[in-house]
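Quick notes on the structure that follows.
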Amino acid sequence: MSRFLMTTAALTVLAAPAFAADLGPLVTPAELQSADDAIILDIRGAGYADGHIAGAIDAPYGLFRGPAENPGALVPVEKLETTFEGLGLTQDRPVVIVAAGANDTDFGAAARVYWTLKSTGFTQLSILNGGEQAWVNAGLPVTQEVASIAPTELTLNWDNTWTATTAEVDEVIAGKKQAALIDARPHAFYEGEQSHPAATRPGTLPGAQNLEYTQFFQPGATAISQPTDIDALLAKFDVKDGEEIVSFCNTGHWAATNWFALSELGGVPNVTLYPGSMVEYSATDGKMKNEPGLLKTLLGQFKG
């Protein structure tokens, strides 16, 4: 049997994913409805006021993101600590993250929040698969009543186990460190035909391979699918057994979906997320792959 085709219980032993034993890394609306002790984080932002799951806390995605010039940058742990205390978070209760679920890219927001919480010591984490839309589609009620919050006191530290830095990426590119660089973006970004507005240059990391985050969704679906054959997938991308995988995109959003699918669902060890991703890297003088030449760039700008 492939070591990745296992039961949820077996995955818990293998990769020690950060979720409550009675929930799992993904929960359905029915499972969330029964999770009486869970803290529900609604990360949609503006949609919260229009209606939300009863008891859900308004925790907009922006609280977990960097500034406009580098949206994927890590929020200082001291600031996260203050934010989480104000949200009433505590590490001894399950936390379920709820995104909008309007499209597959929404899942990246939930995965990025999950990754942030895991990296700051939270160990009982889940994502509502399909987000708020799945809850509504299941015919479950919403409310406009704002949840009351009892502030907490936390002492947080950042665990670098699941984080790749720009300096570490530079070491991989220079051949000083062994890791597989996996670009989660749609192919046009990987090829340098498109770029994020905050990116200084288009292109990708030298040596990177392209695994679009959409690989983990059925066409048109907003709920992520359980990977079925991780061994075959890793073989396709020439990832050696135990080798570090660095997941990146533009701002660490789509890449968070790949990180979650591989690490938390697939039980693959040694998967990291490069939070600043190409927006951060493109601002350095580091080498790029598929970076258009000056003439092609000017022609692209001329064509609008």
Side-chain angles (χ1 to χ4, degrees), residues 1-32 96-99 101-115 118 125-131 133-135 137-138 162 179-187 190 208-249 252-274:
M1 177 186 289
S2 164
R3 70 181 184 281
F4 299 114
L5 298 180
M6 300 180 178
T7 64
T8 301
L11 286 178
T12 301
V13 174
L14 175 64
F19 52 78
D22 58 340
L23 292 179
L26 292 174
V27 295
T28 65
E31 289 169 336
L32 178 55
V96 179
I97 302 152
V98 180
N103 49 56
D104 58 24
T105 196
D106 279 341
F107 191 89
R112 176 67 187 244
V113 173
Y114 181 113
W115 173 83
K118 181 172 183 175
L125 297 170
S126 302
I127 293 173
L128 176 60
N129 204 8
Q133 192 61 53
W135 179 272
N137 289 347
W162 305 283
L181 302 173
I182 303 297
D183 190 336
R185 298 176 298 172
H187 198 63
Y190 175 76
Q209 301 173 82
N210 190 205
L211 171 59
E212 295 188 34
Y213 77 96
T214 53
Q215 165 86 24
F216 299 106
F217 296 84
Q218 295 296 324
T222 62
I224 197 169
S225 300
Q226 176 80 35
T228 56
D229 196 342
I230 294 292
D231 278 335
L233 179 62
L234 297 185
K236 177 182 177 182
F237 288 91
D238 195 27
V239 177
K240 299 172 178 60
D241 191 28
E243 181 178 18
E244 179 181 348
I245 297 172
V246 178
S247 180
F248 72 95
C249 57
H253 177 100
W254 289 327
T257 293
N258 281 14
W259 172 85
F260 182 88
L262 295 172
S263 174
E264 306 300 278
L265 296 182
V268 181
N270 213 20
V271 184
T272 60
L273 173 70
Y274 179 24

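The chain is numbered in sequence order, starting from 1.
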Indicate the atoms forming the closest heavy-atom contact of [X] with [Y], along with that distance.
X    : Y    : answer
S263 : V271 : CB-CB, 4.1 Å
Q226 : L265 : NE2-O, 2.9 Å
A179 : V246 : CB-CG2, 4.1 Å
V27  : S126 : CG1-CB, 3.9 Å
N270 : G242 : ND2-O, 3.3 Å
G108 : A256 : O-CB, 3.8 Å

When you compare the side chain of [Y] with that of [X], does any pair of heavy atoms fall below 4.5 Å?
X    : Y    : result
W259 : Y114 : yes
L262 : L233 : yes
S225 : F216 : no
T214 : D104 : yes

Looking only at atom types and distance, does a side-chain atom of [X] sit under 3.5 Å from a main-chain N or O of [Y], one as donor and one as acceptor?
X    : Y    : result
W162 : K118 : no
R185 : E212 : no
Q209 : I182 : no
S247 : A255 : yes
D106 : A109 : no
H187 : L211 : no
Y190 : A208 : yes

From the list F107, Y213, F260, ring pair (Phe, Tyr, Trp, His ring centres under 6.0 Å) with W254 holds only for Y213
How far does [atom1] of [X] sit from [atom2] of [Y], to the nearest 0.5 angstrom?
X    : Y    : atom1 : atom2 : value
N210 : L181 : CG    : CG    : 12.5 Å
T222 : N129 : OG1   : CG    : 7.5 Å
D231 : K236 : CG    : NZ    : 15.0 Å

Residues E244 and T272: side-chain donor-acceptor under 3.5 angstrom | yes
For the pair I230 and L234, evaluate side chain to side chain contact (heavy atoms under 4.5 Å, CB included) and give the outcome as yes or no after the intermediate values.
-> CA-CA 6 Å; I230 294 292; L234 297 185; 3.8 Å; yes
Do I224 and T257 pass the side chain to side chain contact (heavy atoms under 4.5 Å, CB included) test, and can you show the C-alpha distance, the side-chain angles, and the key distance before you say yes or no?
-> CA-CA 9 Å; I224 197 169; T257 293; 4.0 Å; yes
Option passing side chain to side chain contact (heavy atoms under 4.5 Å, CB included) with L128 (candidates I97, T28, L26, V98) |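 Exactly one option meets the side chain to side chain contact (heavy atoms under 4.5 Å, CB included) with L128, and it is V98.
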For E243, does the CD atom have more than 12 heavy-atom neighbours from other residues, nucleotides or ligands under 6.0 Å away?
-> yes
